[in-house]
Amino acid sequence: MSRLSSSTPDIKRAQKGIFEIAFERPRSLRAFFQNFKSNLQLTWSRLRDAVRLVKDLCLVSPVAFCLYVVAVLWPSVLSALYLCLAAFLLQAGAEFVVQSQIADAKIETIKELCAASLLCPFANAFFEQLRYQCSRRIKHGFREHFYPILARRTLAFDLDTAIAPDVQAVLPQPWAFEMDNSIGWEFLCGLTCIVQNLVTAALQIFVISAILASRNLIHFTLGILGCTALLTTMIFIPTNGLGGVGYSFWTHHPSYYHLAALHEIIFDTKYRETLLKDGSINFVLHEYERCTRELGFLSFDAEMLTYGLPVAWYWQILQVLVETPLIGFFLTNPSNKGISSATWLTTGLFVQFATRQLGQNVKKVRQSQKPLLEVLALAETFYKFFAIHGSFSEGGRSYPDETHSLPSGMRISFRHVNFHRSSLSARPAVKDVSFDIAPGSFVLLVGENGSGKTSLLHLLSRLFTSSAGDISIDGIPIQDFEAQSLRESMVTLLQSEEVYPLSIRENLSMSLTESDRAQDRLKAQSFDIASKSGGSNHFIENLVGKYETVLNPVGRFNTSSDVFGNGVVSPVVLEEMYRNAPRASSIPISNGEKQRLIASRAFMKLNNHPDVRLLVVDEPTTSLDARAERDIFAGFREHSSGFLYLSNHPVPGQVIAQVKAIAPKFFELPQSAKDELDMKNSMHFHGYLKVSGETLSNDASVREQFNFGGARVCSWKEGEPEYLKLHGEALWPQEEALPGFRDTMLTYYNHVEDLSYKFTRLVSEALGLSADALDVFFDKDHGNLQPRCKILRYPGTPDGKPGSGIAAHVDGSFLTYLLQATDHRTLEVKNLSGEWIPVPPKENTFVINLGKTLEKATRRVLPATPHRVLSPIGEPRFSVAFFSSIGHEIRVAEHNLPFPQEVLDMKLARDKKLGVDSNFSFSERDMELAGEVVLARKLRSHADVTERFYPALFSKFYPEGRPAKPNTGRNLLSK
Ligand SMILES: Nc1ncnc2c1ncn2[C@@H]1O[C@H](COP(=O)(O)OP(=O)(O)OP(=O)(O)O)[C@@H](O)[C@H]1O
Ligand SMILES: O=C(O)CCC(=O)C(=O)O
Ligand SMILES: [Fe+2]
């Protein structure tokens with residue numbers, strides 16, 4: 001006893017085919033009965049779902065189901081008939097031995113029985129075929145009916161729900177695609193197997209009992225009791241977990257692999273995030289249903305029946321055929337005469353034979369892989385799945401909202417958003433986050449690893465739901481929208497993105513809607529364009545199958561190995577299987593190639609889905625080489641409006657804070673102090689300009705400004721070109737009047753100037769050029785440049801009506817780095833579709849505008865960004881603008897940058913879309929030295945400066961003398 005209750009389990013090992021299996025046996029009688037009792041209770045509680053599943057399976061194909069039952073029961077009936085035959089033959093044998101003859105009638109019967117048993121193999125073959133065909137019909141019907149429902153339901157869960165452990169436990173597993181492993185089918189097989197064995201046993205018991213009863217009542221009673229006891233124990237006996245193979249098959253049907261892949265995509269959680277957020281769901285569901293239908297009635301290329309068929313009873317015919325002559329020989333032994341002893345003998349032999357038959361059946365029940373309880377549990381699990389309800393709530397509003405949404409993009413607002421990823425982590429992934437994103441803006445999220453950037457994007461695409469706070473889109477709470485329609489309007493590139501085990505063509509196009517995919521333009525060309533933009537074109541071109549190449553294909557044999565029945569797949573069979581149906585080999589794909597494909601997929605949607613209103617990019621280039629990264633960003637750039645926010649730059653936040661604090665103070669100086677610094681006193685066009693000091697031809701600009709530059713020495717000498725006078729020291733207020741002002745502004749200027757050179761290199765790379773390609777526009781040490789900076793003050797309008805701070809214009813600069821020093825939201829830029837988009841200020845972030853000089857330098861690959869400022873209501877607005885420029889000795893038209901073809905193609909495509917003439921022609925001015933051009937513009941703008949410092953040029957620029965009004969000559973293109 002003590003040995004039994006020791007903690008060492010009673011392990012038995014067995015060699016089955018190529019596997020060695022260990023299993024545990026029940027340890028004590030008490031445990032056995034306890035087990036028995038709880039098993040009974042469990043069985044009862046699981047019966048309801050089992051009945052329901054049987055009903056459902058039956059309804060799927062009623063005729064096939066009934067025939068299936070008949071076919072399954074045939075072996076049971078036959079085995080009972082066979083027992084009758086054995087008994088009859090034995091008795092006839094005994095009669096012959098005793099009376100040396102058999103009655104004629106009996107001989108006739110024996111003849112008929114022999115003839116009938118000759119037909120048995122045919123009947124068996126027939127019923128086996130019937131069972132098999134019916135099972136295929138039921139499987140097919142079941143697959144068609146339930147799998148799309150399962151798929152639909154599975155994909156309806158948000159990630160929150162789908163990753164909950166209790167939900168995970170009942171979600172269909174990807175491997176359940178093989179029909180013999182699918183929950184519903186597994187249940188039916190298990191149940192059939194058990195029922196078949198039970199019916200066989202019951203019939204056998206009945207026949208044995210009936211035969212014995214016809215001879216002796218005591219035998220009958222004993223027989224009934226014994227058999228019933230045998231039967232009862234064998235149902236609930238814990239099984240040893242050893243089982244075997246019914247049969248195995250494989251198929252080469254192409255749809256089968258396709259369906260298997262789709263199945264994997266739906267039920268393997270690793271694809272879930274990508275699937276949900278990019279709208280591929282519709283494609284997958286649609287294809288899944290189409291394929292299930294198309295695959296229809298599977299015709300297997302080959303089928304292999306291995307030994308140990310689920311119903312192995314007819315193997316025993318052979319045994320009996322051998323045994324019967326032996327029995328006859330035994331009975332003809334001359335020492336055994338006398339009818340009664342012969343009867344006893346035949347009865348004894350029959351009992352021996354019958355119990356062996358019964359025993360074998362019991363063994364089969366015991367050896368079934370799944371005992372009744374487990375089989376019933378399958379049904380329970382099946383319906384549990386249908387009862388899952390996610391915590392996900394979505395509204396019925398479809399995006400875009402007719403009255404609130406703008407074509408330029410989503411307006412996103414986060415207010416005190418908190419998000420706890422899991423109860424396990426104490427720290428929230430997102431904590432009290434508030435921000436706004438204006439429609440049409442380009443935003444970089446910058447933060448430390450783990451600070452919650454990705455989590456924010458997850459919330460935005462409704463993969464998760466925030467724990468607290470409000471997220472709204474276009475002023476409407478995000479949860480009021482239908483998640484799917486919201487996601488369709490977004491292109492999100494997350495770090496965790498997956499490629500699907502489908503063809504590259506499908507991978508690229510599946511996030512499009514059906515109508516997008518139906519477009520004519522979605523032919524070869526759009527795939528080429530997208531793959532080029534994402535940088536995957538070279539990789540795809542090198543593949544033999546090109547776009548039809550299947551990535552990491554899912555290959556499966558549909559095997560029913562080790563499920564039910566007895567026996568195992570022999571190694572020979574396995575070898576044969578693999579030889580005939582080699583698994584499609586996967587193409588090796590590097591992380592970088594994967595990311596390029598993912599980026600190409602995003603471009604596919606950007607280019608072909610008409611209404612993308614949000615593009616979210618979460619470090620899409622982590623595994624990419626520099627070239628690919630540059631290509632991809634260049635591509636995204638095409639979809640932006642030409643200006644961008646730059647944050648996480650090297651200009652220290654502290655310097656920016658000091659500038660914001662001190663810059664407005666300049667305008668608080670007494671007017672007399674400011675007038676002393678008036679620009680008319682500066683040969684270099686530095687200094688102060690008062691409100692309305694500049695007038696535009698079409699609109700008034702209402703702002704005060706202070707212009708300055710870096711500490712440059714004027715090296716101009718008599719006889720040298722006049723533009724050299726542009727260089728030179730700025731006018732600064734007295735240090736005592738505004739302590740620290742000059743130093744602060746110069747420090748800032750130097751930082752931004754530094755940044756401008758670094759950023760220019762990035763721009764160069766983004767254009768597909770080498771980092772130093774734009775250097776041809778600058779002299780080596782940048783000594784011949786004169787970047788300019790200005791502090792701007794826009795007075796608030798007292799009457800509360802927004803006037804115009806500065807009318808629509810493009811900057812003449814190369815690039816403008818704009819710091820918005822107050823919270824006003826009055827700066828607007830025009831995007832490529834001609835809409836004015838507000839560019840609200842952001843902490844430590846520059847707004848970058850592309851200037852006219854850059855436009856010329858790139859021959860309008862990068863067009864200048866039109867922008868304007870509305871006058872603020874109330875408090876004055878301050879900003880600091882830094883204009884980078886090119887070397888004074890450069891002639892902009894002289895340089896033709898070697899753009900890669902992709903970039904030129906993109907420009908062409910854009911021009912075509914906007915209906916712009918793609919030919920770029922330079923003006924005469926562009927052939928001149930940049931210094932001359934800049935100077936001419938300045939002279940034209942400032943008559944007073946011209947008159948005083950450039951007298952030789954005055955008559956050329958002002959043939960009619962000084963204009964009456966101060967004219968700063970601002971026009972749309974000047975800076
Ligand atoms: N699936 C997850 N389950 C639980 N916690 C998570 C999960 N994903 C992220 N977190 C946690 O949430 C926090 C925010 O992670 P998130 O991925 O949003 O940050 P991130 O700013 O995007 O980081 P990175 O720069 O590394 O991409 C981290 O503390 C992280 O550990
Ligand atoms: O003040 C601003 O925000 C913009 C200024 C501007 O566009 C300019 O001066 O060219
Ligand atoms: Fe400007």
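Ligands are counted one by one from 1 in listed order, and the atoms in each one are counted from 1 as well.
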Trainee: Which atom names give the shortest non-hydrogen contact between W732 and L677, and what distance separates them?
Mentor: O-CD2, 3.5 Å
Trainee: Has ligand 2 got any nitrogen or oxygen that is less than 3.5 angstrom from a nitrogen or oxygen of D811?
Mentor: yes
Trainee: Quick one: report the N, O or S atom of D811 that is nearest to the Fe ion (ligand 3).
Mentor: OD1
Trainee: Report the part of R703 (side chain from C-beta onward, or backbone N, CA, C, O) that has a heavy atom under 4.0 Å from ligand 2; answer both or neither where that applies.
Mentor: side chain
Trainee: Touching ligand 2 at all, R877? Heavy atoms, strictly under 4.0 Å?
Mentor: yes
Trainee: Say whether, by atom type as modelled, one donor and one acceptor occur between the side chain of T946 and the main chain of L939 under 3.5 angstrom.
Mentor: yes
Trainee: Parallel, tilted or perpendicular: which describes the rings of F814 and F777, with under 30° parallel and over 60° perpendicular?
Mentor: tilted
Trainee: Are any of the N/O atoms on Q820, whether in the backbone or the side chain, positioned under 3.5 angstrom from an N/O atom of ligand 2?
Mentor: no
Trainee: To 10 degrees, how wide is the angle NE2 (H867) to the Fe ion (ligand 3) to NE2 (H809)?
Mentor: 90°
Trainee: For atom NZ of K660, is the number of surrounding heavy atoms from other residues, nucleotides or ligands below 6.0 Å larger than 12?
Mentor: yes
Trainee: Q734: which residues meet the side chain to side chain contact (heavy atoms under 4.5 Å, CB included) condition with it, sequence neighbours left out?
Mentor: E736, A737
Trainee: Between A881 and ligand 2, which residue portion shows a heavy-atom distance shorter than 4.0 Å: side chain, backbone, both, or neither?
Mentor: neither
Trainee: How about E889: does its CD atom have over 12 heavy atoms from other parts shown lying under 6.0 Å from it?
Mentor: yes
Trainee: For Q705, state whether at least one heavy atom is located under 4.0 Å from any atom of ligand 2.
Mentor: no
Trainee: Can you name the atoms of ligand 2, numbered from 1 with element, that are less than 4.0 Å from a heavy atom of L792?
Mentor: 1 (O), 5 (C), 9 (O)
Trainee: Show the atoms of ligand 2 that are less than 4.0 angstrom away from any heavy atom in L818.
Mentor: 2 (C), 3 (O), 4 (C)
Trainee: Can you confirm whether F882 sits close enough to F846 that some side-chain heavy atom of one is under 4.5 Å from a side-chain heavy atom of the other?
Mentor: no
Trainee: Number the atoms of ligand 2 from 1 as they appear, then name those within less than 4.0 Å of a heavy atom of Y794, with their elements.
Mentor: 1 (O), 2 (C), 4 (C), 5 (C)
Trainee: Y950: what forms a ring pair (Phe, Tyr, Trp, His ring centres under 6.0 Å) with it, not counting sequence neighbours?
Mentor: F685
